[in-house]
Amino acid sequence: MSIDLTSTATPEALVAIFRRVLEHDDVAAHSDFFELGGDSLIATRVLSAIARDYGVELTFDDFLLAPTPAGLARRVAGTA
């Protein structure tokens with residue numbers, strides 16, 4: 001299911017992406033992707049979902065600097 005590109009990337013929306021990609025239910029807005037078992041290959045799936053759902057291309061460096069749903073939501077908002 002894709003989110004309307006006019007919608008805002010909220011931490012809650014990115015929590016849902018993390019949960020789906022990591023297949024892990026215990027994700028909160030400030031959960032660190034890598035501490036949850038994510039790796040660089042899985043991170044590309046998160047970045048692809050953000051690009052598809054919000055039309056924003058974040059880099060892997062963006063991901064490393066903000067590896068939480070809340071941090072990535074702020075990055076998406078900053079590029080919109």
Side-chain angles (χ1 to χ4, degrees):
M1 173 157 95
S2 185
I3 298 170
D4 181 355
L5 291 177
T6 61
S7 67
T8 302
T10 63
E12 295 78 17
L14 294 186
V15 163
I17 291 172
F18 273 43
R19 286 178 177 161
R20 184 177 72 243
V21 170
L22 290 168
E23 298 178 356
H24 195 296
D25 289 334
D26 192 24
V27 179
H30 296 288
S31 296
D32 185 287
F33 176 82
F34 298 104
E35 290 177 7
L36 292 171
D39 60 33
S40 60
L41 291 176
I42 298 172
T44 62
R45 293 178 55 204
V46 173
L47 293 171
S48 293
I50 291 169
R52 180 182 59 248
D53 292 350
Y54 300 102
V56 174
E57 297 279 340
L58 297 178
T59 66
F60 188 68
D61 285 341
D62 290 323
F63 198 99
L64 290 175
L65 292 170
T68 67
L72 289 174
R74 283 191 300 275
R75 295 240 173 216
V76 170
T79 63

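Source: prediction; values computed, not measured. The basis for the numbers below is simple: all heavy atoms, side chains too, and nothing from hydrogens, waters or symmetry mates. Each residue takes its place number in the sequence, starting with 1.
At least one donor-acceptor pair closer than 3.5 Å links the side chain of S31 to the backbone N or O of A28.
F34 pairs by the ring-ring contact (aromatic ring centres under 6.0 Å, His included) definition with F63, not counting sequence neighbours. Residues meeting the side-chain contact (heavy atoms from CB on, under 4.5 Å) test with R19, sequence neighbours left out: V15, V27. Under the side-chain contact (heavy atoms from CB on, under 4.5 Å) criterion, T10 pairs with E12, A13, not counting sequence neighbours. F18 meets the ring-ring contact (aromatic ring centres under 6.0 Å, His included) test with F33; sequence neighbours excluded.
Within the structure, the side-chain hydrogen bond (donor to acceptor under 3.5 Å, both in side chains) test picks out the following pairs touching residues 60-71 (sequence neighbours left out): T59-D62, D62-R75. The salt bridge (charged side-chain N to carboxylate O under 4.0 Å, His left out) analysis of residues 30-42, with sequence neighbours excluded, yields no pairs.
The nearest pair of heavy atoms linking A9 to A73 is O-CB, 3.5 Å.
The side-chain heavy atoms of L72 and I17, taken from C-beta on, include no pair separated by under 4.5 Å.
Exactly one residue among V76, V46, L65 makes a side chain to side chain contact (heavy atoms under 4.5 Å, CB included) with L58. That residue is V76.
Atom OG of residue S40 and atom CZ of residue R45 lie 13.0 Å apart, to the nearest 0.5 angstrom.
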